[in-house]
Every structure is written in structure tokens, then in C-alpha cells.
Amino acid sequence: MMGRGIAAGALAVIALTATACGAPASVVPEEPACATPAPLPTSRTTPGTVSVQAYFSRIRNGAGALYSAREELRAKYADDTFYRRETFRPDFITYADETICMARGLQEIPAPTASLAEFDQKFDAALASLIEHTVAGREAVRMRNVSDYREWFAGVDEKLAAVVATSRR
């Protein structure tokens with residue numbers, strides 16, 4: 001009798017463990033709404049217009065921040081591995097959410113002059129590609145899809161490099 005109780009208890013523990021490992025993807029929060037970025041300073045020489053210098057400063061600093069966020073995640077989780085550590089999924093979701101919000105905030109910055117419209121479009125396209133890729137990576141981690149995560153891992157550096165490269169004029 002006692003052997004059955006131990007066996008039943010062991011089965012219960014195994015069932016709970018299996019359930020915890022395969023916890024529903026809904027445990028990961030939905031993508032949050034992003035905060036509205038602060039407006040850019042206006043030009044001293046032309047009041048009411050955005051400073052071109054401030055525009056480029058925000059663009060370059062934003063691209064650098066996106067790159068730094070990736071480097072911080074890479075420092076914690078360096079390999080092309082879907083980590084089983086408890087902290088991986090929340091850390092990745094936080095990274096993805098911050099990256100998506102930063103990139104969307106940068107997209108919202110309008111070119112201060114018509115002569116920068118083409119630059120702005122190219123930069124926004126690079127950001128859109130990064131956002132799309134990051135959303136896919138976030139979904140892969142949320143769903144625990146290792147193949148899709150590896151696809152994200154394989155392409156993220158290229159997407160970030162495109163953002164950084166297009167941020168320079």
C-alpha cells in the first residue's frame with residue numbers, strides 16, 4: 001500500500017513538473033503599450049522647428065541604445081540556445097518589449113526638413129524590419145518555439161546592423 005502512495009505521489013510530482021514546463025504561453029504578458037517619446041528640442045535659429053542636430057542626436061543615440069540592449073541580452077545568454085533557465089523568458093520578453101518600444105519611438109520622430117525625408121524613410125524601414133523580427137522572436141519565446149527562436153537569433157544582428165548603419169548619414 002505504501003509503495004502505491006509513493007508511486008502516486010511521484011506521478012503527481014511528475015505531472016505538476018510537466019505542466020509547469022509546458023505552462024500555457026499566456027503566462028507571458030501581452031506586448032505593452034509604448035510610452036510617447038519626449039519631443040525633440042526646437043531650433044534656436046528657427047523657433048518652432050525641430051533642430052536638425054537634435055534629430056540626428058536622438059536617431060544615433062536611439063540606434064546605440066538598441067544595440068546596447070542586444071549586447072546586454074547577449075552577455076547574459078550568449079549561445080544560440082533556447083535557455084531553460086527560469087529567468088530567460090522574462091528577460092527576453094523585457095528585451096523584446098523595450099526594443100520594440102524604442103524602435104517605434106524612433107519611427108515617430110519626423111524628419112525636421114524635407115531634404116531628410118529619404119534618410120528618414122530608410123531609417124524607418126530598417127526600424128520596421130527590426131520591429132517585425134523582434135515581434136517574431138518574442139512570439140517564439142512566448143510559445144517556446146525553439147526553431148523560430150533560432151531564426152530570430154540568426155537574424156537579429158543583421159537587423160540591428162542595418163539600423164545602426166542607416167542612422168549614420
Side-chain angles (χ1 to χ4, degrees), residues 20-41 50-113 116-169:
C21 289
S26 62
V27 172
V28 174
E30 289 302 313
E31 195 177 312
C34 300
T36 304
L40 289 173
V50 171
S51 162
V52 172
Q53 183 179 356
Y55 169 78
F56 278 111
S57 179
R58 179 81 56 92
I59 295 294
R60 289 186 183 120
N61 288 341
L66 289 167
Y67 181 82
S68 293
R70 173 67 187 119
E71 289 303 304
E72 287 173 22
L73 185 69
R74 185 190 321 273
K76 254 183 150 173
Y77 306 101
D79 301 322
D80 180 11
T81 305
F82 190 98
Y83 289 83
R84 301 291 179 209
R85 281 190 259 164
E86 229 177 87
T87 57
F88 173 69
R89 287 178 74 219
D91 285 352
F92 188 91
I93 297 300
T94 298
Y95 158 79
D97 290 347
E98 288 174 359
T99 296
I100 291 165
C101 284
M102 277 193 281
R104 286 182 179 155
L106 290 169
Q107 280 182 317
E108 290 177 17
I109 302 171
T113 65
L116 294 174
E118 185 179 337
F119 166 84
D120 196 56
Q121 287 173 346
K122 287 179 183 177
F123 185 64
D124 285 353
L127 290 168
S129 184
L130 175 65
I131 291 167
E132 182 180 341
H133 192 74
T134 305
V135 167
R138 185 186 194 284
E139 183 64 10
V141 169
R142 186 179 80 79
M143 297 301 294
R144 293 186 168 103
N145 186 319
V146 176
S147 298
D148 288 351
Y149 171 77
R150 285 190 180 135
E151 203 172 298
W152 171 84
F153 190 94
V156 66
D157 291 331
E158 179 184 325
K159 303 295 182 190
L160 276 169
V163 169
V164 171
T166 57
S167 72
R168 293 173 176 38
R169 188 176 128 170

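Keep in mind that the numbers below use all heavy atoms, side chains included, and drop hydrogens, waters and symmetry copies.
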Interatomic spacing from [atom1] in [X] to [atom2] in [Y] - rounded to 0.5 Å:
| X | Y | atom1 | atom2 | answer |
| --- | --- | --- | --- | --- |
| Glu98 | Leu73 | CD | CG | 10.0 Å |
| Glu72 | Thr94 | CD | OG1 | 12.0 Å |
| Ile109 | Phe56 | CD1 | CZ | 11.0 Å |
| Ile93 | Arg142 | CD1 | CZ | 8.5 Å |
| Thr99 | Leu160 | OG1 | CG | 7.0 Å |

So which atom in [X] and which in [Y] form the shortest heavy-atom distance, rounded to 0.1 Å?
| X | Y | result |
| --- | --- | --- |
| Ala65 | Met102 | CB-SD, 3.7 Å |
| Tyr55 | Asp120 | OH-OD1, 2.7 Å |
| Asp148 | Asn145 | N-OD1, 2.9 Å |
| Val163 | Ala126 | CG2-O, 3.6 Å |

- Task: May I ask you to establish whether Arg89 and Tyr149 are in a cation-pi arrangement, using a distance under 6.0 Å from NZ or CZ to the six-membered ring centre and at most 45° from the ring axis?
- Result: no
Sub-4.5 Å side-chain heavy-atom contact between [X] and [Y]:
| X | Y | result |
| --- | --- | --- |
| Arg70 | Asp157 | yes |
| Val141 | Trp152 | no |
| Lys76 | Thr87 | no |
| Phe92 | Tyr77 | no |
| Ile131 | Arg104 | yes |

Can you confirm whether [X] is buried at [atom1], in the sense that more than 12 heavy atoms of other residues, nucleotides or ligands lie under 6.0 Å from that atom?
| X | atom1 | result |
| --- | --- | --- |
| Tyr67 | OH | no |
| Arg168 | CZ | no |
| Glu118 | CD | no |

- Query: Run the side chain to side chain contact (heavy atoms under 4.5 Å, CB included) check on Thr113 and Leu116 step by step: do they pass?
  - Reply: CA-CA 6 Å; Thr113 65; Leu116 294 174; 3.5 Å; yes
- Message: Before you tell me yes or no, could you show the steps for Val156 and His133 under side chain to side chain contact (heavy atoms under 4.5 Å, CB included), namely the whole-Å CA-CA distance, both residues' side-chain angles and the distance that decides it to 0.1 Å?
- Response: CA-CA 7 Å; Val156 66; His133 192 74; 4.1 Å; yes
Any side-chain to backbone donor/acceptor pair from [X] onto [Y]? Under 3.5 Å, distance only.
| X | Y | value |
| --- | --- | --- |
| Ser167 | Val164 | yes |
| Asn61 | Ser57 | yes |
| Ser129 | Ala125 | no |

- Message: Which residue is it: Thr166, Ile59, Leu66? I am looking for the one with a side chain to side chain contact (heavy atoms under 4.5 Å, CB included) to Leu127.
- Response: Leu66
- Task: Check the pair Phe82, Phe153 against ring pair (Phe, Tyr, Trp, His ring centres under 6.0 Å), reporting the backbone distance first and the verdict last.
- Result: CA-CA 10 Å; Phe82 190 98; Phe153 190 94; over 10 Å; no
